Every structure is written in C-alpha cells, then in structure tokens.
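Every chain is numbered from 1 and lettered A, B, ... according to where its sequence line falls, protein lines coming before strand lines. Computed from a predicted model, the values in this text were never measured in an experiment.
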Number of protein chains: 2
Amino acid sequence: MGVLDHTPAACRAREILDRVGGKWSLSVISQLGAETKRFTELSRGIEGVSHRMLTVTLRDLERDGIVSRRVYPVVPPRVEYALTPLGRTLLDLVGGLVTWAEDHLDEIDAARAAYDARAE
Amino acid sequence: MGVLDHTPAACRAREILDRVGGKWSLSVISQLGAETKRFTELSRGIEGVSHRMLTVTLRDLERDGIVSRRVYPVVPPRVEYALTPLGRTLLDLVGGLVTWAEDHLDEIDAARAAYDARAE
DNA sequence: CAGCATCCCCTGGGATACTG
DNA sequence: CAGTATCCCAGGGGATGCTG
C-alpha cells in the first residue's frame, strides 16, 4: 500500500490537477521558471495562446498564489509576472511530469496504436 | 535553467496531463494501486462516480496502456482491472502530486482567500 | 455483473473587437 | 502595452434506461 490507497488522497491530487491542468498553465509556469517576464514576452514565448487565454491563465495562477503580478505605474503600462516561492516548488514537481513524459510517451503511443488496431 | 525552460517540454507534460487529467482517472489509478479490482468494487470505492464515467475512464486508461482489463468467460460476467507496469510508474509520479497537494493546499487556499478579499 | 446507448447540460477555451 | 468584453462552439461529463 502506498500514498494512493485511499480515495481522499486522489481527491487532493485532483485539486492540484484542476489548478495546473488548464491548457496553458504549464506553458506559463515553464516560461516563468527561468525568469520574470512581461505579458507580451509570455505571449510571444507561448505558441498558439490567445490574448484572452493568457490573461485568464495568469489570473488563475495569481489567485492560487503560484504567480505574482507586479504593475509599474508608467505609460505605456508595464506588468511583470514571476513565479512565487510556491510556484517554484510546483516547478520541481512539473519537472517530474516532463521526465515521465519523455520516458513513456512512446510507450503510451504504442499502446494506443495497438488498442486501436485491435478494435479496427 | 531547468527542465522547463522551453515550451516543448511543457507541451509534453501537457500530453500526460491530458491522459491523467480526467475527473476520475486519479481515483481509478489510486484504487488499482493496491490491488486488482472488479468493476463493481471500483464503483463502490470511488464516491460519486457514475456507471458510465467509470466505464469511459477505464477504457481511456486501458487504451493508454495504464490499466489492463481481464475478462473471465463466465456467467455472471467477471472482469478484473489492474495497473500495468506502465501504470505503476505513473503511480509513483502521482504520489508526488499527492504529497505536494498535502504540503501546499492550505497555502493555496489562503492565497485564494486573500485574492478574493482584495477584489471584494 | 458489466456495460453500451441516448439525451442533455455546462464549462473551457477560441475569435474578435474595444479601451486606459 | 496590457488588458476587458462579447460571442460562440466542441466536448467533457452527468442522468437514465436497456442488454448479454
């Protein structure tokens, strides 16, 4: 028996999946892992993200205390985003996900192909 | 710079989130972590899951090679589900998520409360 | 027992246009 | 530059009922 033998544990893990599971969350966290960035820098660094979704994602992460938002009262506006200490602990965890993905994605793809082949 | 400094890395991590991010996936993986179980056992062990969603979740996990399905040709039908070796490696990873959740959920909840308070 | 099939609803997320 | 507002759609997921 490990950490996951009771349902409540899976429940809690789901909560963080809800927090990090958004389509763009990981990309944002990834981008902010190295350094503080401005809105437009993030926008350019994340291929395919719309203006709106980047805003929404940043708001959610900020609300959860994973990303900090610093506004400079200048014109034109300047806003900088960074990971909070909490966000940086997440970064380590997500590193584990990436490693696992690299190690097993081929395996999963093969399993899918085999499954689909069986069912035609 | 860590594992997450480039977007492609985040992309790959997203793929596994897509695979495991379903509402019931973690609960199923959790339930199967300890031992092989039958459909009804799983159903009883996971509070709130509907008949249909359990079926769908199991199919998806089976397709990805995370869960194995064994049918006994008897009547009444008997079907047993278990984690595959690949599934067990996932179990370890998810253990990390659970630990992180336990360590930081209060922090996140506090951040949310503070954020919501600021915005009224 | 294990599970498809059907119906329906709701939210996540895309496109686009407007502002301080 | 850094957003907000509005509209819209696909599909994830719930409820229920039928079957081998």
Applying salt bridge (Lys or Arg N to Asp or Glu O under 4.0 Å) to A:Glu35 and not counting sequence neighbours gives none
Rounded to the nearest Å, what distance is computed from the [atom1] atom of residue [X] to the [atom2] atom of nucleotide [N]?
{"X": "B:Lys37", "N": "C:dC1", "atom1": "NZ", "atom2": "P", "result": "16 Å"}
{"X": "B:Met53", "N": "C:dA2", "atom1": "CE", "atom2": "P", "result": "19 Å"}
{"X": "B:Asp18", "N": "C:dG13", "atom1": "CG", "atom2": "P", "result": "10 Å"}

- Item | Ionic contact status for A:Arg12 with B:Asp109, cut-off 4.0 Å | no
When you look at A:Thr99 and B:Leu93, which way does the side chain to side chain contact (heavy atoms under 4.5 Å, CB included) test go after all the steps? CA-CA 10 Å; A:Thr99 303; B:Leu93 189 68; over 6 Å; no
Nt span of DNA chain D in reach of chain A heavy atoms at under 4.0 Å, 5' end first, is D:dC1 to D:dT6
Are any of the side-chain heavy atoms of [X] and [Y] separated by less than 4.5 Å?
{"X": "A:Val79", "Y": "A:Arg70", "result": "no"}
{"X": "A:Tyr115", "Y": "A:Arg118", "result": "yes"}
{"X": "A:Arg78", "Y": "A:Val71", "result": "no"}
{"X": "B:Tyr81", "Y": "B:Arg38", "result": "no"}

Note: contacts of residues 55-69 of chain A with DNA chain D (heavy atom, under 4.0 Å) are A:Thr55, A:Arg59, A:Arg69
Using modelled atom types only, decide if a donor and an acceptor are shared between the side chain of [X] and the backbone of [Y] within a distance under 3.5 Å.
{"X": "B:Thr36", "Y": "B:Ala82", "result": "no"}
{"X": "B:Thr84", "Y": "B:Gly65", "result": "yes"}
{"X": "B:Arg19", "Y": "B:Asp64", "result": "no"}

*List the steps and the verdict of side chain to side chain contact (heavy atoms under 4.5 Å, CB included) for A:Leu26 and B:Leu17.*
CA-CA 10 Å; A:Leu26 284 187; B:Leu17 277 192; 3.5 Å; yes
TODO: Evaluate the criterion side chain to side chain contact (heavy atoms under 4.5 Å, CB included) for residue pair B:Gln31 and B:Lys37; output intermediate values, then yes/no.
DONE: CA-CA 8 Å; B:Gln31 288 286 310; B:Lys37 291 197 174 173; 3.0 Å; yes
Closest to the 5' end of DNA chain D, once A:Glu41 and B:Gly22 are matched to their nearest nucleotides, is A:Glu41
N or O in side chain of B:Tyr81 less than 4.0 angstrom from C:dG3 OP1/OP2 = yes
Nucleotide by nucleotide, nucleotides 15-20 of chain C touches protein heavy atoms under 4.0 Å in the pattern (B base, S sugar-phosphate only, - none) B----B
Anything under 3.5 Å between a donor and an acceptor, one on a side chain of residues 50-60 of chain B, the other on a protein residue two or more places apart or in another chain? List them.
from    : atom 1 : to      : atom 2 : distance (Å)
B:Ser50 : OG     : B:Met53 : N      : 3.1
B:Thr55 : OG1    : B:His51 : O      : 3.1
B:Thr57 : OG1    : B:Met53 : O      : 2.7

Taking five pairs at each terminus, the helix from C:dC1-D:dG20 to C:dG20-D:dC1 shows an axis bend, to 10°, of 50°
